[in-house]
Amino acid sequence: MPEKKLKFNSKTIHGGQSPDKAYGAVMPPIYQTSTYAQTTPGGHQGYEYSRSANPTRTALENSLASIENGAYGLAFGSGLAAIDAVMKLLNPGDEVVSTNDLYGGSYRIFKQIFEKYGITFHFIGMQDADVIESYINENTRLLWVETPTNPMMKVIDIKAVADLAKKHDILLAVDNTFATPYLQTPLDMGADIVMHSATKYLGGHSDVVVGALVVKDKALADKLYFIQNASGAVCGPMDSFLTLRGIKTLHVRMQRHCENGRAVAEYLEKHPKIDKVFWPGFESHPNHEIAKAQMKDFGGMVSFIPKSRTEKDAVKIIEKFKVFTLAESLGGVESLAGHPASMTHASIPKEEREKSGVVDSLIRLSVGIEDVEDLIGDLEQAIG
Ligand SMILES: Cc1ncc(COP(=O)(O)O)c(C=O)c1O
């Protein structure tokens with residue numbers, strides 16, 4: 001069947017893949033090599049040096065392009081390396097309008113690395129297209145969207161932002177780490193670039209650090225491939241293999257993440273010792289209608305604030321968890337709990353972070369795919 005006709009669940013397994021040419025291996029071998037024999041200068045079989053390309057990484061890149069409904073995939077040594085490559089499309093004097101409630105490391109690379117090179121960033125709430133438009137001027141080259149946002153679970157209307165990007169002839173990049181293409185495919189909604197920390201749901205087993213970009217446009221892909229090779233932040237063949245293996249079960253894992261996420265959010269919402277729960281599946285969530293329209297389900301990420309709204313109580317709950325593990329990261333099969341103010345978002349100044357709602361008493365859960373009764377039981381004993 002032609003690749004384009006495959007549905008999503010089939011694409012995670014077969015998208016962009018074919019049996020290995022040498023022996024018909026169904027999974028691509030881990031081509032643990034830096035270089036490739038040539039018969040005469042330039043006489044090679046498509047691979048010269050593994051920074052430029054490696055067959056295991058190519059298999060992953062083809063899979064990424066397929067599941068995101070793009071044409072070109074690029075894999076990097078981390079999500080931040082992928083972001084770094086996008087920023088290198090820009091020149092001094094260029095401006096970027098970005099979500100204000102975003103992963104702390106993304107904020108850090110924008111502010112502390114790229115501002116130094118003369119790029120200006122505007123961090124704003126992106127719920128309202130008119131507000132975004134008021135920050136666009138003749139120097140604006142890129143809109144950077146993270147949705148759902150990390151960790152406040154706000155949902156940004158990708159199509160509305162894409163229309164704005166088209167109107168002003170600027171690029172739109174969407175960090176699709178939280179949602180994954182199981183829930184939404186931003187390229188289909190008009191985005192130019194999809195970015196992933198594949199470390200999270202795509203890898204899915206907390207055993208790799210990998211980043212990804214997917215685009216449709218050949219000229220843009222060529223620029224990014226040039227940066228990928230010239231800057232060299234690629235992932236190795238073993239990590240490519242593990243990420244590809246993870247992608248093959250993305251759909252079944254995401255289905256369970258969503259089911260468990262819903263059960264956990266609903267449990268917390270009714271708990272007398274919980275003040276506020278952030279999950280886009282609630283009808284009362286301010287962006288619920290957009291979430292319903294652009295996402296297939298609401299994901300496995302849930303944030304909440306205890307009734308006392310004190311950091312001390314939040315930390316007490318986190319320390320008591322037995323099934324949830326206190327750790328950085330998200331999107332693995334195991335449930336994780338985090339304290340954004342001191343962990344993932346510590347690199348954002350307190351004042352800036354609190355403006356977007358990331359207060360010291362906020363707890364973020366990455367709800368895994370364990371039996372949901374065990375997760376609810378763990379919350380029950382920890383919250384008390
Ligand atoms: C939404 C989001 N984007 C980007 C990143 C950065 O990815 P990595 O840690 O793979 O560099 C993360 C990491 O936590 C993330 O959560």
Side-chain angles (χ1 to χ4, degrees), residues 2-6 8 11 15-17 46 52-53 57-76 79-91 94-99 106 110 114 119 126 129 132-133 136 138-147 156-177 179-181 184-198 202 210-235 247 294:
E3 158 93 38
K4 281 205 171 13
K5 289 241 169 79
L6 288 178
F8 181 76
K11 281 188 178 183
Q17 307 301 301
S52 314
R57 199 174 88 225
T58 303
L60 170 63
E61 292 177 331
N62 290 341
S63 165
L64 292 164
S66 169
I67 59 174
E68 282 288 2
N69 294 340
Y72 306 94
L74 299 94
F76 293 84
L80 279 170
I83 296 174
D84 182 82
V86 175
M87 291 304 139
K88 286 174 177 163
L89 292 167
L90 305 177
N91 292 306
D94 288 350
E95 297 192 11
V96 179
V97 181
S98 162
T99 319
S106 308
F110 293 166
F114 285 100
I119 295 165
M126 283 194 160
I132 303 174
E133 195 161 28
I136 295 176
E138 71 277 10
N139 297 321
T140 312
R141 294 285 174 273
L142 174 70
L143 304 180
W144 185 269
V145 165
E146 201 178 296
T147 180
I156 295 163
D157 184 339
I158 297 173
K159 170 126 191 359
V161 186
D163 289 347
L164 210 54
K166 296 252 166 338
K167 180 175 159 193
H168 292 274
D169 196 21
I170 51 186
L171 290 174
L172 167 62
V174 177
D175 182 337
N176 207 25
T177 299
T180 83
Q184 69 190 19
T185 42
L187 297 179
D188 293 335
M189 293 180 241
D192 301 289
I193 302 172
V194 165
M195 175 263 150
H196 275 278
S197 169
L202 299 191
V210 166
L213 298 177
V214 181
V215 302
K216 276 185 169 170
D217 179 65
K218 167 115 178 44
L220 180 58
D222 286 344
K223 283 185 200 163
L224 289 166
Y225 283 127
F226 175 81
I227 294 167
Q228 182 194 37
N229 182 43
S231 287
V234 294
C235 56
I247 288 173
Q294 80 182 15

So, does D94 use its side chain to make a donor-acceptor pair with the main chain of I119 at under 3.5 Å? no
To the nearest 0.5 angstrom, please state how far the CH2 atom of W144 sits from the CD1 atom of I83. 4.5 Å
Rounded to the nearest 0.5 Å, what separates atom CG in D188 from atom CD1 in I158? 10.0 Å
Stepwise side-chain contact (heavy atoms from CB on, under 4.5 Å) test for T99 and T147: CA-CA 9 Å; T99 319; T147 180; over 6 Å; no
Any donor-acceptor pair under 3.5 Å from K166 side chain to G190 backbone: yes
What heavy-atom pair brings S52 and R57 nearest, and what distance separates the two atoms? O-NH2, 3.1 Å
Kindly compute the distance separating NE2 (H168) from OG1 (T140), expressed to the nearest 0.5 Å. 8.5 Å
Evaluate the side-chain contact (heavy atoms from CB on, under 4.5 Å) criterion for residues M195 and V86: first the C-alpha distance (whole Å), next the side-chain angles of each, then the deciding distance (0.1 Å), finally the verdict. CA-CA 9 Å; M195 175 263 150; V86 175; 5.5 Å; no
Has the side chain of N176 got a donor or acceptor atom that lies under 3.5 Å from a matching backbone atom of T185? no
Sole candidate of D192, V194, L224 that passes side-chain contact (heavy atoms from CB on, under 4.5 Å) when paired with V215: L224
Take atom NZ of K223 as the centre, draw a 6.0 Å sphere, and report whether it contains more than 12 heavy atoms from other residues, nucleotides or ligands. no
As an exercise, state the distance from OH of Y225 to CG of L213, rounded to the nearest 0.5 Å. 9.5 Å
Looking at side-chain heavy atoms only, is the closest gap between L89 and I193 below 4.5 Å? yes
State, to 0.1 Å, how close K11 and L6 come at their nearest heavy-atom pair, and which atoms those are. CE-O, 3.4 Å
So which atom in T177 and which in S197 form the shortest heavy-atom distance, rounded to 0.1 Å? OG1-N, 2.9 Å
Determine whether V97 and I170 make a side-chain contact, defined as any pair of heavy atoms from C-beta on separated by less than 4.5 Å. no
Quick one: do Y72 and E61 satisfy side-chain contact (heavy atoms from CB on, under 4.5 Å)? Show the steps, please. CA-CA 7 Å; Y72 306 94; E61 292 177 331; over 6 Å; no
Full working for salt bridge (charged side-chain N to carboxylate O under 4.0 Å, His left out) between D163 and K167: CA-CA 6 Å; D163 289 347; K167 180 175 159 193; over 6 Å; no
For I227 and A85, the nearest pair of non-hydrogen atoms, with its separation, is CD1-O, 3.5 Å
Which pair of heavy atoms, one from C235 and one from L60, lies closest together, and at what distance? SG-CD2, 4.5 Å
Please identify which of these residues, L164, I156, D157, meets the side-chain contact (heavy atoms from CB on, under 4.5 Å) condition with M126. I156
For the atom pair CG (L90) and CG (N139), what is the distance rounded to the nearest 0.5 Å? 11.5 Å
Side-chain donor or acceptor of E146 paired with backbone N/O of D175 under 3.5 Å: no
Taking all non-hydrogen atoms of both residues into account, name the closest pair between S66 and G15 and its distance. OG-CA, 3.2 Å
Interatomic distance, I136 atom CD1 to D169 atom CG [nearest 0.5 angstrom]: 11.5 Å
Heavy-atom count around K159 NZ within 6.0 Å, excluding the residue itself: above 12? no
Does any donor atom in the side chain of Q17 or N62 lie under 3.5 Å from an acceptor atom in the other side chain? no
Distance-only, no hydrogens or angles: does the Q228 side chain make a donor-acceptor pair with backbone N or O of F76 under 3.5 Å? no
Carefully, step by step, assess I67 and T180 under the rule side-chain contact (heavy atoms from CB on, under 4.5 Å). CA-CA 9 Å; I67 59 174; T180 83; over 6 Å; no
